[in-house]
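What follows is a short report on a single structure.
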Amino acid sequence: MKVKVYILLVVAVIATSCRNEDIIFIPETVEVARPEFTSVTGFCLLNEGNMGSNKATLDLYDYTTGKYTRNIYAKANPDVPKELGDVGNDLGIYGSRIYAVINCSNKVEVMDKDTRKRLGQIDIPNCRFIRFCDGYAYVTSYAGPVVIDPDYKQQGYVAKVDTATLQVVDRCIVGFQPDELEIVDGKIYVANSGGYLVPNYENTVSVIDLKSFTEEERIAIDINLKYVKADRHGILWVVSRGDYYDTPGNVHAYDVRKHRLVKTMDLPASACCIDGDSLYVVSSQFSYVTMRTTVSYAIINTVTQEVVTRNFIKDGTEALIQQPYGVAVNPITKDILVTDAKDHVSPGHLYCYGRDGVLKWDVRTGDIPAHFVFLGDFTTKR
């Protein structure tokens with residue numbers, strides 16, 4: 001797809017240490033589509049950046065102009081050292097603020113939703129995912145350093161943060177290396193991965209009572225859990241990554257009201273999101289047994305708990321995607337956004353598909369594009 005470039009300044013920065021071969025992209029804007037006018041005015045996309053490269057960046061798409069701007073945080077905050085930091089792991093929006101979880105920089109960066117001006121940071125070691133409820137942010141933390149060790153002793157926790165003061169006011173210990181969390185009916189559900197304990201992964205979801213902020217139980221699901229997504233029917237969709245050998249990754253349906261696992265989908269997931277009664281799943285799962293990668297672009301009906309399709313892309317353009325990594329759905333137009341991490345060390349790509357699965361537009365992003373928040377006047381869990 002041809003794009004009209006308004007500002008295109010790409011500079012190779014020769015510096016000291018490990019940054020001497022990195023390419024840093026100055027903020028730039030490109031026109032990628034015709035304007036669309038709905039209550040969703042745009043979205044922000046957090047690019048993770050390869051670990052150790054300090055290249056997490058934030059992009060913005062404006063539906064009212066059809067323009068995509070790369071690295072908007074740097075443009076809004078030219079005086080912030082090291083910009084966003086090292087590895088952008090999650091993105092959330094609450095009230096008038098955007099919260100970017102920057103994993104290896106041990107912080108949650110807080111900025112104004114409209115201007116992206118920096119408002120402060122929340123210091124949390126090895127932080128992972130964020131959710132909000134009643135004036136508080138809840139953030140998972142691995143608590144300890146990044147290290148693969150089957151004898152790792154440091155359990156993770158969930159930090160409770162006062163969003164008015166940006167201070168951590170409480171912590172709740174959970175399992176090892178907790179990843180995504182979800183809040184349902186007064187409970188926090190936390191996916192414990194045990195990712196540092198290879199090959200002795202965790203296999204539980206921690207359940208925290210929101211009022212007392214104490215862990216009530218741990219539910220055994222499958223090994224190496226990462227994502228938890230709640231639908232509107234009382235089902236928690238839990239994603240396991242497996243061990244990349246004999247145990248494959250999978251998507252599991254757990255009924256929080258009946259307190260039991262009701263279905264396993266025989267479908268791996270690299271990323272997923274829920275829109276209405278549909279769970280959208282993108283997957284690129286490698287197996288050391290077959291030495292092959294399984295790729296899918298699936299939709300699960302959350303009512304029937306059946307796979308509707310294993311490829312929602314209908315025009316053959318999935319052949320353009322090297323490493324599907326992130327997915328989001330516009331809550332109004334139902335356009336499907338799919339990110340491509342490519343080789344994980346160079347700029348990625350974003351593809352926008354209509355609800356018919358046909359490509360509408362695409363654009364280059366920052367490194368390892370992954371996490372979305374939509375902007376505008378509409379109800380969103382983030």
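Residue numbers count from 1 along this sequence. Not measured: the values here are computed from a predicted model.
The backbone N or O of Leu166 sits nowhere less than 3.5 Å from a side-chain atom of Asp162 that would complete a donor-acceptor pair. Within the 3.5 Å criterion, the main-chain N or O of Val307 finds no donor-acceptor partner in the side chain of Arg310. In this structure a side-chain-to-backbone donor-acceptor pair under 3.5 Å is present from Thr140 to Asp179. A donor-acceptor contact shorter than 3.5 Å is absent between the side chain of Asp222 and the backbone of Ser240. With hydrogens and angles ignored, the 3.5 Å screen pairs a side-chain donor or acceptor of Arg218 with a backbone N or O of Val174. The closest donor-acceptor contact from the side chain of Asn77 to the backbone of Val80 lies at 3.5 Å or more, if one exists at all. Formation of a donor-acceptor pair under 3.5 Å by the Thr69 side chain with backbone atoms of Ile72 is not found in this model. Thr309 contributes no side-chain N or O that, together with a main-chain N or O of Ala298, makes up a donor-acceptor pair within less than 3.5 Å. Within the 3.5 Å criterion, the main-chain N or O of Arg364 finds a donor-acceptor partner in the side chain of Arg70. Checked by atom type and distance alone, the side chain of Asn250 pairs as donor or acceptor with a backbone atom of Asp266 at under 3.5 Å.
A salt bridge is absent between Asp90 and Arg128; no separation between the charged side-chain nitrogens and carboxylate oxygens falls under 4.0 Å. Remark: Lys229 engages Glu180 in a salt bridge, criterion side-chain N to carboxylate O under 4.0 Å. Between Glu28 and Lys75 no salt bridge is recorded (no basic side-chain N to carboxylate O distance below 4.0 Å). In this structure, Arg118 pairs ionically with Glu109, as a charged nitrogen and a carboxylate oxygen lie closer than 4.0 Å. Remark: Lys314 does not engage Asp356 in a salt bridge, criterion side-chain N to carboxylate O under 4.0 Å. Taking the charged nitrogens against the carboxylate oxygens, Asp335 and Arg355 have no contact shorter than 4.0 Å, which rules out a salt bridge. Using a 4.0 Å cut-off between a side-chain N of Lys or Arg and a carboxylate O of Asp or Glu, Lys55 and Glu83 do not qualify as a salt bridge.
Cation-pi contact between Arg171 and Tyr157: present, with separation from the ring centre below 6.0 Å and deviation from the ring axis of at most 45°.
Taking CD1 of Ile98 as the start and CG of Asp112 as the end, the distance is 8.0 Å to the nearest 0.5 Å. Put simply, OG on Ser105 and CG on Asn103 are 8.5 Å apart, with the number rounded to the nearest 0.5 Å. The distance from the SG atom of Cys352 to the CZ atom of Phe43 is 7.0 Å, given to the nearest 0.5 Å. Note that the CG atom of Asp123 and the CD atom of Gln121 stand 4.5 Å from one another [nearest 0.5 Å]. To the nearest 0.5 Å, the span separating CD on Glu182 from CD1 on Ile188 amounts to 10.5 Å.
Donor-acceptor pairing under 3.5 Å is lacking for the side chains of Asn89 and Glu48. Ser278 and Asp275 are not linked by any side-chain donor-acceptor pair at a separation below 3.5 angstrom, with hydrogens and angles left out of the test. With no hydrogens or angles considered, no side-chain donor-acceptor pair links Ser53 and Asn50 at under 3.5 Å. No side-chain donor from either of Tyr68 and Asp62 sits under 3.5 Å from a side-chain acceptor of the other. Looking only at atom types and distance, the side chain of Ser193 has no donor-acceptor partner in the side chain of Glu202 under 3.5 Å away.
The nearest pair of heavy atoms linking Ala253 to Leu261 is O-CD1, 3.3 Å. Across all their heavy atoms, Asp134 and Tyr94 have their closest contact at N-OH, 3.6 Å. Considering every non-hydrogen atom in both Leu46 and Val101, the closest pair reads CD2-O, 4.4 Å. Heavy-atom minimum distance, Gly175 versus Asn192: N-OD1, 3.1 Å. Closest non-hydrogen pair, Phe312 versus Val281, comes out as CE2-O, 4.0 Å. Minimum interatomic distance between Asn47 and Asp367 (heavy atoms only, all atoms of both residues): CB-O, 3.3 Å.
In this structure, the ring pair (Phe, Tyr, Trp, His ring centres under 6.0 Å) partners of Phe213, at least two apart in sequence or on a different chain, are Tyr138. For Asn224, the side chain to side chain donor-acceptor pair (under 3.5 Å) partners two or more places apart in sequence, or in a different chain, are Arg241. For Gln323, the side chain to side chain contact (heavy atoms under 4.5 Å, CB included) partners two or more places apart in sequence, or in a different chain, are Ser284, Asp340, Ala341, His344.
Between Tyr245 and Tyr288, the ring centre distance stays below 6.0 Å. If you look at Tyr254 and His252, their ring centroids are not closer than 6.0 Å. Ring centers of Tyr61 and Trp361: under 6.0 Å apart, within the cut-off.
A continuous path of hydrophobic side-chain contacts links Ile102 to Leu58 [ILVMFWY only; heavy atoms under 4.5 Å]. Residue Val295 is grouped with residue Leu359 when hydrophobic side chains (ILVMFWY) are merged at heavy-atom distances under 4.5 angstrom, including chains of intermediate members.
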Lys187/Glu217 under salt bridge (charged side-chain N to carboxylate O under 4.0 Å, His left out): CA gap, chis, key distance, verdict | CA-CA 11 Å; Lys187 309 288 184 184; Glu217 62 174 321; over 6 Å; no
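When each of Val110, Leu91, Val373, Leu119 is tested with Tyr99 by the rule side chain to side chain contact (heavy atoms under 4.5 Å, CB included), just one qualifies, namely Val110. For the side chain to side chain donor-acceptor pair (under 3.5 Å) with Tyr196, the qualifying choice from Asp151, Asn126, Asp149 is Asn126, the only one to do so.
Here the side chains of Tyr189 and Val207 are in contact, with some heavy-atom distance below 4.5 Å. Residues Pro35 and Thr64 have side chains not in contact (no heavy-atom distance under 4.5 Å, counting atoms from C-beta outward). The closest side-chain heavy-atom distance from Trp237 to Asp231 is below 4.5 Å.
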